[in-house]
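Read the structure below first, then the notes.
For ligands, and for the atoms within them, numbers begin at 1 and follow the listed sequence.
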Amino acid sequence: MQITITGTGYVGLVTGVCLAEIGHNVICYDIDEPKVQMMKQGISPIYEPGLDELMRKNMEQGRLFFTADEQVAYGQADIIYIAVGTPEKEDGSADLTYVEEAALAISRYVRKRVIVVIKSTVPVGTNDRIQRMIHEHKAAEADITVVSNPEFLREGSAIYDMFHGDRIVIGANDPEAATVIADINKPFGIPIIHTDIRSAEMIKYAANAFLATKISFINEIANICEKVGANIDDVAYGIGQDHRIGPHFLKAGIGYGGSCFPKDTKALVQLAGNVQHQFELLESVIRVNNRQQLGLLDKAKQYVGSLQGKKVALLGLSFKPHTDDVRESAAIIMAKKLVDEGAYVVAYDPVAVENAKKQLPESVQYAATVVEAIDAAEVAFIVTEWEEIKQTPLYVFQEQMLTPFIFDGRNCYSLENARYSGVTYISIGRAPIFGHVCQQTK
Ligand code: UDX
């Protein structure tokens, strides 16, 4: 079986590399020539732990190829995965332009039996629409079936997830095509769930919406904990021990970011609206998250007063550790607001600086280390829980900063640790620690 993957972003590239790793012949296709040249040299255009090594290994073993040529990509393929982006449109709905363009290109080149697997996250009904579109444009001798196979990969642990995921969902109206895709995936050893196409599409949105709901829920509980003197770490542990709730995705913090949760929750609200259903619960989840992303900044102003002219260290720029992705990252939103308010922002991130620079005002400075970022700073915000940041002892903040006000959006330190370090430490859903004299302005 010859497999082609269209789109070499986080999902497409990881899927292609891992399918090669379990023994398939894979061509990864992208319209971006320079990116393809880079991949041909065994260099991954994205930061994903373990990806470069696995890429090079499978290229050397002759199972993994890269091309920017449509004819090469689609001419001989038996199975074509569409893994192109579905960015957010202004009204929150998903922009399907790239998926449609891929479908039309496939229709132009295919001359035999081919299964098109849609990996991109697309609104319910899209797979059916793409199937119709392909049928209208394909060559007479081509026999093309569309199958939905949503991805559940987490950036930063995407390769691990490919081999250890909880389930693989295959949505198809053609049982034979479903069996072929199930066989392709069998070596991963992950349970396979077969559904109709629309249910598979909905599983993806519902899963992300549910996880986002868990996060906004625990963040709201954290906000109340702060006001009633409870500790969110203990509360989250206490509820997580109930098997019906489970311990995962109950880490309170600065809100969710990334390329999926913010986009997919909005798209699901929009999708529901299209069928005259107001998804009030999910609307609230989104509102809570928007507020949470700026909550720490509001708290800082409450304790420190105006940030104008102050040196502010921003620790972490990616939306979570182990990725260079800054899409919808709270750090980016905070940095822009801090600059607007006249703060002198010095940011640190081990891998995301280049991506952040494209989005942030030029006045933001970048430090090579945590210590350089916090040096003589009056306020430090911890936004991403990178090891390099978590491992910096609090006494270093105390020694290095002009005034050790630390606002931790990821609860990286224990309160006990903070209590003995002499810093003022404000975290999420836990009691504030006033290590040095602090004049509350409100
Ligand atoms: C997510 C889904 O997990 C994945 O299945 C889907 O395919 C794509 O979207 P990803 O966006 O890579 O993956 O990251 P994830 O680890 O899920 O975290 C998303 C955001 O939620 C991050 O900003 C993270 O910091 C935040 N988060 C996660 C919390 O604030 N608390 C938690 O308990 C868990």
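For ligand 1, the 4.0 Å heavy-atom shell takes in Glu151, Phe152, Leu153, Arg154, Glu155, Lys204, Asn208, Ile215, Phe249, Leu250, Lys251, Tyr256, Gly257, Cys260, Phe261, Phe319, Lys320, Arg410, ordered by chain and residue number.
Counting only residues at least two apart or on different chains, the side chain to side chain donor-acceptor pair (under 3.5 Å) pairs with a member in residues 409-418 are Glu385-Arg410.
Between Phe188 and Phe163, the ring centre distance stays below 6.0 Å. For Phe249 and Phe210, the ring centers are positioned 6.0 Å apart or more.
Residues passing the side-chain hydrogen bond (donor to acceptor under 3.5 Å, both in side chains) test with Glu48: none are found, sequence neighbours excluded. Qualifying side-chain hydrogen bond (donor to acceptor under 3.5 Å, both in side chains) partners for Asp196, counting only residues two or more places apart in sequence or in other chains: Ser199.
Using a 30° and 60° split on the angle between ring planes, Phe261 and Tyr256 fall in the perpendicular class, above 60°.
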